[in-house]
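Structure first, commentary second.
Fair warning: this is a prediction, and the values are worked out from it, not measured in the lab. Lettering follows sequence order; numbering is per chain, from 1.
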Protein chains: 2
Amino acid sequence: MTGVTEEAGGTRPTMADVARAAGISTALVSIVMRGVPGASEATRKRVLKIADEMGYVPDQRARKLRQSSSRLLGVTFELQQPFHGDLVEQIYAAAARRGYDVTLSAVAPSREESTAVGALLRERCEAAILLGSRLGTEELARLARRGPTLLVARHTDVPGVGVVRGDDKAGVALAVDHLAALGHRHIAHIDGAGAPGSSDRRLGFLEAMGRHGLQDSAEVLAGGLTESAGAQGMRYLLARETPPTAVVAFNDRCATGVLDVLGREGHAVPGEISVVGYDDSRLAKFPHVQMTTVSQDAARLAEAAVSGALDLVAGREASESVFAPHLVERATTGPAPGHP
Amino acid sequence: MTGVTEEAGGTRPTMADVARAAGISTALVSIVMRGVPGASEATRKRVLKIADEMGYVPDQRARKLRQSSSRLLGVTFELQQPFHGDLVEQIYAAAARRGYDVTLSAVAPSREESTAVGALLRERCEAAILLGSRLGTEELARLARRGPTLLVARHTDVPGVGVVRGDDKAGVALAVDHLAALGHRHIAHIDGAGAPGSSDRRLGFLEAMGRHGLQDSAEVLAGGLTESAGAQGMRYLLARETPPTAVVAFNDRCATGVLDVLGREGHAVPGEISVVGYDDSRLAKFPHVQMTTVSQDAARLAEAAVSGALDLVAGREASESVFAPHLVERATTGPAPGHP
DNA sequence: GTGAAAGCGCTAACAG
DNA sequence: CTGTTAGCGCTTTCAC
């Protein structure tokens with residue numbers, strides 16, 4: 001036993017340990033570990049080898065503490081929202097391109113958004129990015145006072161808070177235009193209840209229907225963000241004497257529920273009824289689903305969110321970036337029954 | 001302007017700022033912020049008030065750096081795996097019960113597991129909990145050398161690595177027993193391809209079928225963890241002269257794809273074909289789905305994972321905890337066609 | 001009940 | 001190319 005490979009049971013090697021083992025100063029080890037110029041090739045190799053043997057991993061916490069800026073972005077997201085998953089994945093990439101790390105804080109039925117946000121704050125991230133937040137104006141304002149804050153996929157009038165979102169009114173209008181062009185006259189919208197963006201989508205639906213002279217057959221149902229909400233709404237619609245020939249759902253999850261009920265009750269899609277989702281999340285892309293949906297392009301939103309957050313950090317004024325969504329025509333929409 | 005409410009543009013107030021504003025030492029502020037005894041009620045109130053006005057939030061990083069133990073658990077999970085979402089939610093709760101924080105590191109198509117694990121290591125969490133890891137033996141061993149490591153829902157023989165999982169063989173056997181009791185003779189299993197646990201489930205399926213004397217009509221298809229895999233498998237089965245009357249899918253996502261194809265092609269569930277999922281994730285619980293599935297009880301797995309990880313931290317030997325799953329009978333299984 | 005001082009693991013100037 | 005010194009924001013003795 002030479003005592004070099006100190007298989008520590010509980011305590012992990014520090015930079016000082018590596019320096020000692022290599023017989024040099026910690027500063028030099030730091031230079032090597034960061035890969036910055038200032039060490040000879042020989043030293044570099046030797047230190048790296050020793051560090052690896054010892055199982056040394058730099059302490060991110062100490063590192064960030066020492067640096068003036070933490071280069072850390074905080075993100076809250078909903079664990080069970082596929083579109084949030086898409087966004088988070090893209091945010092990792094966008095942040096990495098700028099040399100930023102990301103710290104995640106999840107929201108779930110048993111973990112409130114305010115808890116999640118609090119955790120971020122304590123991590124001292126330079127900015128907080130909230131996906132589809134449901135925070136009240138009050139709390140949002142408080143948060144914004146604590147540090148740069150940016151909302152994704154939700155609007156707010158709270159000053160100082162950045163916003164990155166798709167144009168919800170335009171998005172739903174795209175869906176309605178598409179359906180109208182296919183000859184649909186009786187179209188229903190299963191909305192997102194109180195969810196972020198749902199009032200815009202509702203409004204966009206009504207306006208677009210009006211533009212096509214279909215205001216009288218426009219129908220809006222209280223829905224939600226889940227498959228259950230969609231399923232419930234669709235069952236309700238099917239109970240009518242004359243169900244609509246097309247449904248615009250609040251999001252892909254909701255549309256999935258709609259499709260499920262239709263399949264189950266033996267209604268052909270799109271032969272009998274057409275369905276449009278929203279988000280172009282992974283749910284819409286499955287080969288067996290091929291859902292027509294409105295794409296928010298997670299990559300672009302993520303990119304804008306990260307750059308918007310960093311703008312806030314740099315002291316620039318909060319802004320609202322609204323992205324034009326586009327329709328992705330897949331297999332769940334077709335001509336209205338009896339239409340050429 | 002009294003200069004007290006320093007609406008700092010970029011820099012956040014530190015403990016020293018609060019101490020200065022309150023005219024006391026930082027040590028005392030620390031006592032107050034942590035809520036430990038050692039300060040008069042009057043001081044406590046005053047400091048809390050001042051801190052709040054200044055928007056002061058303790059720096060978690062500095063705090064953990066100073067404390068000998070970080071009381072931090074790292075968790076890697078897949079962003080698009082609903083069951084992982086369930087587990088993460090429960091892990092938050094289990095960790096909180098022990099006064100531990102959780103740091104998340106996501107795995108996604110564009111973010112490899114090794115990247116995610118590396119991020120955890122640098123965060124200096126006391127232990128790493130990997131959900132459904134696909135890491136190779138080599139890498140797992142390396143990781144285990146770096147710090148306490150625990151696998152959830154996956155087995156490994158790497159020494160020193162803790163394991164918490166459901167009994168996959170027994171779980172699938174439960175499904176087969178249930179179906180056999182309902183009179184099904186021709187049952188197929190759409191497996192998880194190379195996913196963690198899939199070989200056990202495959203084996204459990206074959207063994208259980210053998211026990212019922214059904215080895216000749218037991219059929220195993222290469223599947224996967226996604227809806228697409230399930231859909232593809234089911235379509236393949238339906239193309240047969242005599243499709244099976246029941247399908248055991250690798251997981252709920254896979255089963256969802258199966259159900260979708262069946263609905264779409266007009267096959268009654270469970271009238272014509274019964275379907276069993278695995279995980280009892282949110283996908284199985286939807287009112288419109290009501291999927292019969294094998295429950296792994298996320299809460300119990302999470303609890304065991306956290307306590308197992310802390311055991312490792314405490315220096316206790318790595319162990320494997322295997323939990324007996326149970327069958328949740330819902331609406332996607334019923335008597336085989338022609339069976340009493 | 002309160003304060004002074006040391007130091008967690010690291011990086012950022014500077015010297016040499 | 002390499003070492004010394006200081007200190008990031010906090011907690012922790014140990015005095016008073």
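- Comparing A:Met33 and B:Pro37, the nucleotide of DNA chain C nearest to each residue sits closer to the 5' end for B:Pro37.
- The CD-P distance, from B:Glu123 to C:dC10, rounds to 14 Å in whole Å.
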Evaluate the criterion salt bridge (Lys or Arg N to Asp or Glu O under 4.0 Å) for residue pair B:Asp52 and B:Lys49; output intermediate values, then yes/no. CA-CA 5 Å; B:Asp52 185 64; B:Lys49 183 161 173 291; over 6 Å; no
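- By the 4.5 Å heavy-atom criterion applied to side chains, B:Thr149 and B:Val117 are not counted as neighbours.
- Note: CZ (A:Arg61) to P (D:dG7) measures 23 Å, nearest angstrom.
- Taking 4.0 angstrom as the limit, A:Ser30 places a side-chain polar atom (N or O) nearer than this to OP1 or OP2 of C:dT11.
- For B:Thr26 and C:dG3, the shortest distance from a side-chain N or O to OP1 or OP2 is not below 4.0 Å.
- Contact annotation: B:Thr14 reaches the phosphate of D:dC10 (side-chain N/O to OP1 or OP2, under 4.0 Å).
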Between B:Val107 and B:His84, does a side chain to side chain contact (heavy atoms under 4.5 Å, CB included) hold up when you go through it step by step? CA-CA 11 Å; B:Val107 174; B:His84 286 197; over 6 Å; no
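- In this structure, A:Leu65 places its CG atom 9 Å from C1' of D:dG7, rounding to the nearest Å.
- Taking atom CZ of residue B:Arg66 and atom C1' of nucleotide C:dA6, one finds them 7 Å apart after rounding to whole Å.
- Distance from the side chain of A:Leu28 is smallest for D:dG3 among the nucleotides D:dG9, C:dT11, D:dG3.
- Separating the CD atom of A:Gln67 from the C1' atom of D:dG9 is a distance of 15 Å, rounded to the nearest angstrom.
- Residue contacts shown for B:Ala39 are limited to sugar-phosphate atoms, with no base heavy atom under 4.0 Å away.
- An OP1 or OP2 oxygen of D:dC8 is reached within less than 4.0 angstrom by no side-chain nitrogen or oxygen of A:Arg124.
- C:dG3 atom P lies 6 Å from atom CD1 of B:Ile24, rounded to whole Å.
- Here D:dG3 presents its C1' atom at 13 Å from CE of A:Met15, a figure rounded to the nearest Å.
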Yes or no on salt bridge (Lys or Arg N to Asp or Glu O under 4.0 Å) for A:Arg66 and A:Asp59, after CA distance, side-chain angles and deciding distance? CA-CA 11 Å; A:Arg66 179 57 234 252; A:Asp59 186 328; over 6 Å; no
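- Taking only side-chain atoms of B:Arg34, from C-beta outward, the nucleotide of D:dG9, C:dA12, D:dT11 with the closest atom is D:dT11.
- Here the C1' atom of nucleotide D:dT12 and the NZ atom of B:Lys64 are 17 Å apart, to the nearest Å.
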Take A:Arg98 and A:Asp311, measure what salt bridge (Lys or Arg N to Asp or Glu O under 4.0 Å) needs, and give me the verdict at the end. CA-CA 12 Å; A:Arg98 293 170 173 74; A:Asp311 281 353; over 6 Å; no
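- At C:dG3, one or more side-chain N or O atoms of B:Ser25 fall inside 4.0 Å of OP1 or OP2 (strictly under the cut-off).
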